[in-house]
Amino acid sequence: MLEGMTTKDPRAPGLARLAALAADETRAACLLALLDGRAWTAGELARTCGVAASTLSEHLGKLVAGGLLAEERQGRHRYVRLADAGVAQLVEDLAAQVAPGAAERPRTLRQTNAGSAMARGRTCYDHLAGRLGIALTDAFAARGLLRQDTGFALTDAGLRWFAAAGIDLDRRGRRPLARACLDWTERRPHLAGVAGAALCRHALHARWCVRIGSERAVKVTETGERALYDLLGIGTEALR
(Lines give C-alpha, C1' and ligand atoms only; values in the text may rest on other atoms or scores of the structure.)
Protein backbone atom coordinates (compact mmCIF):
# COMPACT_ATOMS: atom_id res chain seq x y z
CA MET A 1 0.00 0.00 0.00
CA LEU A 2 1.34 3.43 -0.89
CA GLU A 3 2.21 5.67 2.02
CA GLY A 4 -0.66 7.90 3.03
CA MET A 5 -3.35 5.84 1.28
CA THR A 6 -6.42 4.87 3.25
CA THR A 7 -8.54 1.76 2.91
CA LYS A 8 -11.69 1.82 0.77
CA ASP A 9 -14.84 2.96 2.52
CA PRO A 10 -16.70 -0.24 3.52
CA ARG A 11 -19.97 1.28 2.35
CA ALA A 12 -18.78 1.47 -1.26
CA PRO A 13 -19.98 -2.00 -2.36
CA GLY A 14 -23.43 -1.44 -0.88
CA LEU A 15 -23.73 1.98 -2.51
CA ALA A 16 -22.72 0.49 -5.86
CA ARG A 17 -25.38 -2.22 -5.56
CA LEU A 18 -28.01 0.34 -4.62
CA ALA A 19 -27.11 2.58 -7.56
CA ALA A 20 -27.23 -0.41 -9.92
CA LEU A 21 -30.79 -1.19 -8.82
CA ALA A 22 -32.01 2.25 -9.84
CA ALA A 23 -29.86 2.39 -12.99
CA ASP A 24 -32.31 0.32 -15.06
CA GLU A 25 -35.06 2.37 -16.76
CA THR A 26 -37.83 -0.16 -16.04
CA ARG A 27 -36.91 -0.41 -12.37
CA ALA A 28 -36.68 3.40 -12.17
CA ALA A 29 -40.18 3.64 -13.67
CA CYS A 30 -41.48 1.21 -11.01
CA LEU A 31 -39.96 3.26 -8.20
CA LEU A 32 -41.42 6.49 -9.55
CA ALA A 33 -44.89 4.96 -9.98
CA LEU A 34 -44.83 3.68 -6.41
CA LEU A 35 -44.20 7.18 -5.07
CA ASP A 36 -47.97 7.45 -4.82
CA GLY A 37 -47.64 5.54 -1.54
CA ARG A 38 -50.05 2.77 -2.57
CA ALA A 39 -49.49 -0.92 -3.18
CA TRP A 40 -49.55 -1.99 -6.84
CA THR A 41 -49.92 -5.40 -8.44
CA ALA A 42 -47.22 -6.63 -10.78
CA GLY A 43 -49.70 -6.45 -13.66
CA GLU A 44 -50.50 -2.79 -12.99
CA LEU A 45 -46.82 -1.90 -12.90
CA ALA A 46 -46.12 -3.91 -16.07
CA ARG A 47 -48.77 -1.94 -17.97
CA THR A 48 -47.48 1.37 -16.61
CA CYS A 49 -43.88 0.53 -17.51
CA GLY A 50 -44.82 -0.90 -20.91
CA VAL A 51 -43.14 -4.28 -20.43
CA ALA A 52 -44.28 -7.89 -20.29
CA ALA A 53 -45.42 -9.23 -16.93
CA SER A 54 -42.62 -11.83 -16.94
CA THR A 55 -40.01 -9.11 -17.50
CA LEU A 56 -41.47 -6.93 -14.78
CA SER A 57 -41.53 -9.82 -12.31
CA GLU A 58 -37.78 -10.26 -12.68
CA HIS A 59 -37.19 -6.57 -11.99
CA LEU A 60 -39.48 -6.62 -8.95
CA GLY A 61 -37.56 -9.56 -7.54
CA LYS A 62 -34.34 -7.56 -7.68
CA LEU A 63 -35.93 -4.49 -6.07
CA VAL A 64 -37.42 -6.57 -3.26
CA ALA A 65 -34.14 -8.43 -2.68
CA GLY A 66 -32.31 -5.10 -2.63
CA GLY A 67 -34.58 -3.73 0.08
CA LEU A 68 -36.17 -0.97 -1.99
CA LEU A 69 -39.58 -2.64 -2.23
CA ALA A 70 -41.71 -4.63 0.18
CA GLU A 71 -44.17 -7.22 -1.08
CA GLU A 72 -47.30 -8.82 0.28
CA ARG A 73 -49.63 -11.44 -1.12
CA GLN A 74 -53.40 -11.59 -0.92
CA GLY A 75 -54.70 -14.77 -2.45
CA ARG A 76 -53.17 -15.10 -5.88
CA HIS A 77 -52.31 -11.41 -6.12
CA ARG A 78 -48.85 -10.04 -5.38
CA TYR A 79 -48.64 -6.44 -4.26
CA VAL A 80 -45.52 -4.31 -3.95
CA ARG A 81 -44.90 -0.92 -2.39
CA LEU A 82 -41.87 1.19 -1.49
CA ALA A 83 -40.17 -0.32 1.54
CA ASP A 84 -40.45 2.82 3.69
CA ALA A 85 -40.37 6.61 3.74
CA GLY A 86 -36.58 6.59 3.49
CA VAL A 87 -36.72 4.85 0.11
CA ALA A 88 -39.37 7.33 -1.06
CA GLN A 89 -37.11 10.22 -0.03
CA LEU A 90 -34.19 8.67 -1.91
CA VAL A 91 -36.23 8.23 -5.10
CA GLU A 92 -37.70 11.74 -4.96
CA ASP A 93 -34.30 13.30 -4.27
CA LEU A 94 -32.76 11.45 -7.23
CA ALA A 95 -35.66 12.44 -9.50
CA ALA A 96 -35.22 16.08 -8.48
CA GLN A 97 -31.68 16.01 -9.90
CA VAL A 98 -32.95 15.31 -13.41
CA ALA A 99 -32.67 18.48 -15.49
CA PRO A 100 -36.10 20.02 -16.24
CA GLY A 101 -35.59 19.69 -20.00
CA ALA A 102 -34.28 16.13 -19.83
CA ALA A 103 -37.67 14.45 -19.57
CA GLU A 104 -39.31 13.27 -22.77
CA ARG A 105 -41.81 15.78 -24.11
CA PRO A 106 -45.45 14.63 -23.96
CA ARG A 107 -46.63 13.28 -27.32
CA THR A 108 -50.40 13.44 -26.81
CA LEU A 109 -52.96 15.80 -25.32
CA ARG A 110 -53.65 13.20 -22.64
CA GLN A 111 -49.98 13.13 -21.62
CA THR A 112 -49.89 16.92 -21.58
CA ASN A 113 -52.97 17.11 -19.36
CA ALA A 114 -51.59 14.43 -17.03
CA GLY A 115 -48.31 16.32 -16.72
CA SER A 116 -50.13 19.56 -15.94
CA ALA A 117 -52.21 17.83 -13.27
CA MET A 118 -49.09 16.34 -11.65
CA ALA A 119 -47.40 19.75 -11.61
CA ARG A 120 -50.48 21.39 -10.10
CA GLY A 121 -50.81 18.93 -7.20
CA ARG A 122 -49.75 15.38 -6.43
CA THR A 123 -48.77 13.06 -3.65
CA CYS A 124 -45.07 12.48 -3.08
CA TYR A 125 -45.23 9.11 -1.29
CA ASP A 126 -47.27 10.28 1.72
CA HIS A 127 -47.17 14.07 1.52
CA LEU A 128 -48.37 16.75 -0.90
CA ALA A 129 -46.20 18.15 -3.67
CA GLY A 130 -46.36 20.30 -6.79
CA ARG A 131 -47.74 23.83 -6.68
CA LEU A 132 -50.17 22.68 -3.99
CA GLY A 133 -47.34 21.46 -1.75
CA ILE A 134 -45.39 24.68 -2.27
CA ALA A 135 -48.48 26.82 -1.53
CA LEU A 136 -49.00 24.98 1.74
CA THR A 137 -45.33 25.28 2.70
CA ASP A 138 -45.24 28.99 1.91
CA ALA A 139 -48.44 29.56 3.91
CA PHE A 140 -46.98 27.75 6.93
CA ALA A 141 -43.79 29.81 6.73
CA ALA A 142 -45.61 33.13 6.23
CA ARG A 143 -47.68 32.54 9.38
CA GLY A 144 -44.73 31.56 11.54
CA LEU A 145 -45.82 27.93 11.73
CA LEU A 146 -42.72 26.60 9.97
CA ARG A 147 -39.07 27.67 10.16
CA GLN A 148 -36.81 27.16 7.16
CA ASP A 149 -33.62 28.91 8.26
CA THR A 150 -31.85 25.79 9.59
CA GLY A 151 -33.79 23.12 7.80
CA PHE A 152 -37.51 22.62 8.24
CA ALA A 153 -38.91 22.75 11.77
CA LEU A 154 -42.41 23.32 13.12
CA THR A 155 -42.62 26.19 15.58
CA ASP A 156 -44.67 26.07 18.76
CA ALA A 157 -47.36 27.95 16.85
CA GLY A 158 -47.17 25.26 14.17
CA LEU A 159 -47.73 22.51 16.70
CA ARG A 160 -50.74 24.40 18.05
CA TRP A 161 -52.08 24.83 14.50
CA PHE A 162 -52.06 21.09 13.89
CA ALA A 163 -53.76 20.46 17.24
CA ALA A 164 -56.42 23.11 16.56
CA ALA A 165 -57.08 21.66 13.10
CA GLY A 166 -57.57 18.21 14.61
CA ILE A 167 -54.60 16.74 12.76
CA ASP A 168 -52.73 14.24 14.91
CA LEU A 169 -48.93 14.17 14.73
CA ASP A 170 -47.54 10.73 15.54
CA ARG A 171 -44.18 11.54 17.12
CA ARG A 172 -43.39 8.07 18.44
CA GLY A 173 -41.06 6.94 15.68
CA ARG A 174 -37.66 8.13 14.49
CA ARG A 175 -39.01 9.96 11.47
CA PRO A 176 -38.43 13.75 11.65
CA LEU A 177 -41.44 15.86 12.53
CA ALA A 178 -40.77 18.18 9.59
CA ARG A 179 -38.41 17.68 6.66
CA ALA A 180 -37.70 19.53 3.45
CA CYS A 181 -38.29 17.52 0.26
CA LEU A 182 -37.06 19.06 -2.99
CA ASP A 183 -39.99 19.36 -5.39
CA TRP A 184 -38.94 18.13 -8.84
CA THR A 185 -41.43 20.32 -10.73
CA GLU A 186 -41.18 23.50 -8.64
CA ARG A 187 -37.47 23.18 -7.83
CA ARG A 188 -38.18 24.32 -4.28
CA PRO A 189 -38.61 22.33 -1.06
CA HIS A 190 -42.04 21.35 0.22
CA LEU A 191 -43.06 20.01 3.63
CA ALA A 192 -42.48 16.30 4.29
CA GLY A 193 -41.86 14.24 7.42
CA VAL A 194 -44.50 13.39 10.03
CA ALA A 195 -46.23 16.75 9.63
CA GLY A 196 -46.35 16.53 5.84
CA ALA A 197 -47.74 13.01 5.97
CA ALA A 198 -50.36 13.91 8.57
CA LEU A 199 -51.49 16.93 6.56
CA CYS A 200 -51.80 14.87 3.36
CA ARG A 201 -53.67 12.08 5.13
CA HIS A 202 -56.11 14.57 6.65
CA ALA A 203 -56.57 16.42 3.36
CA LEU A 204 -57.57 13.20 1.59
CA HIS A 205 -59.75 11.94 4.46
CA ALA A 206 -61.57 15.27 4.80
CA ARG A 207 -61.81 15.46 1.01
CA TRP A 208 -59.94 18.71 0.81
CA CYS A 209 -58.19 16.89 -2.03
CA VAL A 210 -59.17 13.96 -4.21
CA ARG A 211 -57.04 11.74 -6.41
CA ILE A 212 -57.53 12.08 -10.15
CA GLY A 213 -56.47 9.73 -12.92
CA SER A 214 -54.31 6.68 -12.36
CA GLU A 215 -51.14 8.48 -11.28
CA ARG A 216 -50.31 10.59 -8.24
CA ALA A 217 -52.19 13.72 -9.25
CA VAL A 218 -54.68 15.28 -6.84
CA LYS A 219 -56.96 18.28 -7.10
CA VAL A 220 -58.34 20.54 -4.40
CA THR A 221 -62.12 20.38 -3.97
CA GLU A 222 -64.41 23.31 -3.17
CA THR A 223 -64.44 22.06 0.43
CA GLY A 224 -60.64 22.11 0.40
CA GLU A 225 -60.50 25.60 -1.07
CA ARG A 226 -62.68 26.93 1.75
CA ALA A 227 -60.74 25.05 4.44
CA LEU A 228 -57.32 26.12 3.19
CA TYR A 229 -58.43 29.74 2.92
CA ASP A 230 -59.95 29.73 6.40
CA LEU A 231 -57.04 27.90 8.04
CA LEU A 232 -54.05 29.24 6.09
CA GLY A 233 -55.30 32.11 3.96
CA ILE A 234 -54.43 30.35 0.70
CA GLY A 235 -56.36 31.86 -2.20
CA THR A 236 -57.97 29.75 -4.91
CA GLU A 237 -55.56 31.13 -7.54
CA ALA A 238 -52.74 29.21 -5.87
CA LEU A 239 -54.68 25.95 -5.92
CA ARG A 240 -55.78 25.72 -9.55
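Numbering starts at 1 and runs along the sequence shown. No experiment lies behind these values; they were computed from the predicted model shown. The figures here come from the full heavy-atom set of this structure, side chains too, leaving out hydrogens, waters and symmetry mates.
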Rounded distance [0.5 Å steps], [atom1] in [X] versus [atom2] in [Y]:
{"X": "Leu32", "Y": "Glu25", "atom1": "CG", "atom2": "CD", "result": "10.5 Å"}
{"X": "Glu58", "Y": "Leu63", "atom1": "CD", "atom2": "CG", "result": "11.0 Å"}
{"X": "Leu68", "Y": "Leu90", "atom1": "CG", "atom2": "CG", "result": "7.0 Å"}
{"X": "Leu145", "Y": "Leu232", "atom1": "CG", "atom2": "CG", "result": "7.0 Å"}
{"X": "His59", "Y": "Leu31", "atom1": "NE2", "atom2": "CG", "result": "11.5 Å"}
{"X": "Gln89", "Y": "Leu182", "atom1": "CD", "atom2": "CG", "result": "11.0 Å"}

Is the closest side-chain heavy-atom distance between [X] and [Y] below 4.5 Å?
{"X": "Leu177", "Y": "Leu159", "value": "yes"}
{"X": "Cys200", "Y": "Val218", "value": "no"}
{"X": "Arg122", "Y": "Leu35", "value": "no"}
{"X": "Leu154", "Y": "Leu169", "value": "yes"}
{"X": "Val194", "Y": "Pro176", "value": "no"}

If hydrophobic clusters are built by linking Ile, Leu, Val, Met, Phe, Trp and Tyr wherever their side-chain heavy atoms come under 4.5 Å apart, do [X] and [Y] end up in the same one?
{"X": "Leu239", "Y": "Met118", "value": "no"}
{"X": "Leu136", "Y": "Phe152", "value": "yes"}
{"X": "Leu69", "Y": "Leu94", "value": "yes"}
{"X": "Val64", "Y": "Leu18", "value": "yes"}
{"X": "Trp40", "Y": "Tyr79", "value": "no"}

Self-check item: Under 3.5 Å donor-acceptor, Thr221 side chain and Trp208 backbone
Solution: yes
Exercise. Spell out, as yes or no, whether a donor-acceptor pair under 3.5 Å connects the side chain of Arg179 to the backbone of Ala192.
Key: no
[X] to [Y] - nearest heavy-atom pair and separation:
{"X": "Ala42", "Y": "Leu60", "value": "CB-CD1, 3.8 Å"}
{"X": "Gly66", "Y": "Leu21", "value": "CA-CD1, 3.7 Å"}
{"X": "Ala88", "Y": "Tyr125", "value": "CB-CG, 3.3 Å"}

Exercise. Output every pair passing side chain to side chain donor-acceptor pair (under 3.5 Å) with a member in residues 128-143, not counting sequence neighbours, ordered by first then second residue.
Key: Asp138-Arg188
Quiz item: Could you give all pairs that pass the ring pair (Phe, Tyr, Trp, His ring centres under 6.0 Å) test and reach residues 219-240, with sequence neighbours left out?
Solution: none
Practice problem: Go through the steps to decide whether Thr155 and Arg160 satisfy the test side chain to side chain donor-acceptor pair (under 3.5 Å), and finish with yes or no. | Solution: CA-CA 9 Å; Thr155 63; Arg160 291 193 296 270; over 6 Å; no
Name all residues meeting the side chain to side chain donor-acceptor pair (under 3.5 Å) criterion together with [X]; count only those two or more places apart in sequence or in a different chain, and write none if there are none.
{"X": "Gln148", "answer": "none"}
{"X": "Arg147", "answer": "Asp149"}
{"X": "Glu225", "answer": "Arg240"}

Quiz item: For residues 80-89, which residue pairs qualify under salt bridge (charged side-chain N to carboxylate O under 4.0 Å, His left out), counting only residues two or more places apart or in two chains?
Solution: Glu72-Arg81
With a 3.5 Å cut-off and sequence neighbours excluded, list the donor-acceptor pairs that the side chains of residues 44-57 form with protein atoms.
from	atom 1	to	atom 2	distance (Å)
Glu44	OE1	Thr41	N	2.9
Glu44	OE1	Thr41	OG1	3.4
Thr48	OG1	Glu44	O	3.1

Quiz prompt | Stepwise salt bridge (Lys or Arg N to Asp or Glu O under 4.0 Å) check, Arg201 with Asp170 | solution = CA-CA 12 Å; Arg201 187 166 55 249; Asp170 185 355; over 6 Å; no
With [X] via side chain to side chain contact (heavy atoms under 4.5 Å, CB included) - residues at least two apart:
{"X": "Ala135", "value": "Ile234, Ala238"}
{"X": "Ile167", "value": "Trp161, Phe162, Ala165, Ala198, Leu199, His202"}
{"X": "Arg207", "value": "Val210"}
{"X": "Cys124", "value": "Glu92, His127, Ala129, Cys181, His190, Arg216"}

Exercise. Please assess Cys30 against Val80 for the test side-chain contact (heavy atoms from CB on, under 4.5 Å), listing each intermediate value before the final yes or no.
Key: CA-CA 10 Å; Cys30 288; Val80 294; over 6 Å; no
Exercise. Could you pull out all residues at least two apart from Asp9 that satisfy salt bridge (charged side-chain N to carboxylate O under 4.0 Å, His left out)?
Key: Arg11
